[in-house]
Amino acid sequence: MGKASTSSTTKDALVLFDSLRSAYSATPTTLKIIDLYVGFAVFTALIQVVYMALVGSFPFNSFLSGVLSCTGTAVLAVCLRIQVNKENKDFKDLPPERAFADFVLCNLVLHLVIMNFLG
């Protein structure tokens, strides 16, 4: 019984993975680029956390600034993705140029605050 349930679980996971991959292949290229940017920002934050765990966090303000900068940028990019997505009916009247301008302005404010936090 244990081996059959493991095989069924593996089969279900493969079916789920294939359905997610086929659904994502229909995603527009602009959204995929934003997804890569979000992934890079999260990856950079994780690298900084691992570095802090291995080496130490002597300039703690620098560590916090780096992680918060990456996290804030990722959150703003997710907001951009939501606004640019054509299937999202809540933002159908918002032009993509306006959404990108909001993204750039909010990133500018975020990084000014981060630089101020650094000291």
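Residues take their numbers from the sequence shown, with the count starting at 1.
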Cluster check [X], [Y]: I/L/V/M/F/W/Y, side chain < 4.5 angstrom:
| X | Y | result |
| --- | --- | --- |
| I34 | F100 | yes |
| V75 | L80 | no |
| F43 | L36 | no |
| L64 | Y51 | no |

* Asked: Can you name the salt bridge (charged side-chain N to carboxylate O under 4.0 Å, His left out) partners of D90, sequence neighbours left out?
  -> none

Tabulate below the donor-acceptor pairs under 3.5 Å that side-chain atoms of residues 23-32 make, not counting sequence neighbours, or state none.
from : atom 1 : to  : atom 2 : distance (Å)
Y24  : OH     : D35 : OD2    : 2.6
S25  : OG     : S22 : O      : 2.6
T27  : OG1    : Y24 : O      : 3.0

With side chains defined as the heavy atoms from C-beta onward, is the minimum distance between [X] and [Y] less than 4.5 Å?
| X | Y | result |
| --- | --- | --- |
| V113 | F117 | no |
| L16 | D12 | no |
| V49 | F63 | yes |
| M52 | V67 | no |
| S62 | L118 | yes |

Where do [X] and [Y] come nearest, in terms of heavy atoms and distance?
| X | Y | value |
| --- | --- | --- |
| A74 | V38 | O-CG2, 4.0 Å |
| I114 | S69 | CD1-N, 4.0 Å |
| Q48 | G66 | OE1-C, 2.9 Å |

* How about Y37 and F40: are their ring centroids closer than 6.0 Å? -> no

* Verify, without hydrogens or angle tests, whether N88 (side chain) and I82 (backbone) share a donor-acceptor contact under 3.5 angstrom. => yes

Quick one: pull up [atom1] in [X] and [atom2] in [Y] and give me the separation to the nearest 0.5 Å.
| X | Y | atom1 | atom2 | answer |
| --- | --- | --- | --- | --- |
| K86 | K92 | NZ | NZ | 13.0 Å |
| N107 | T73 | CG | OG1 | 4.5 Å |
| L94 | D102 | CG | CG | 6.5 Å |

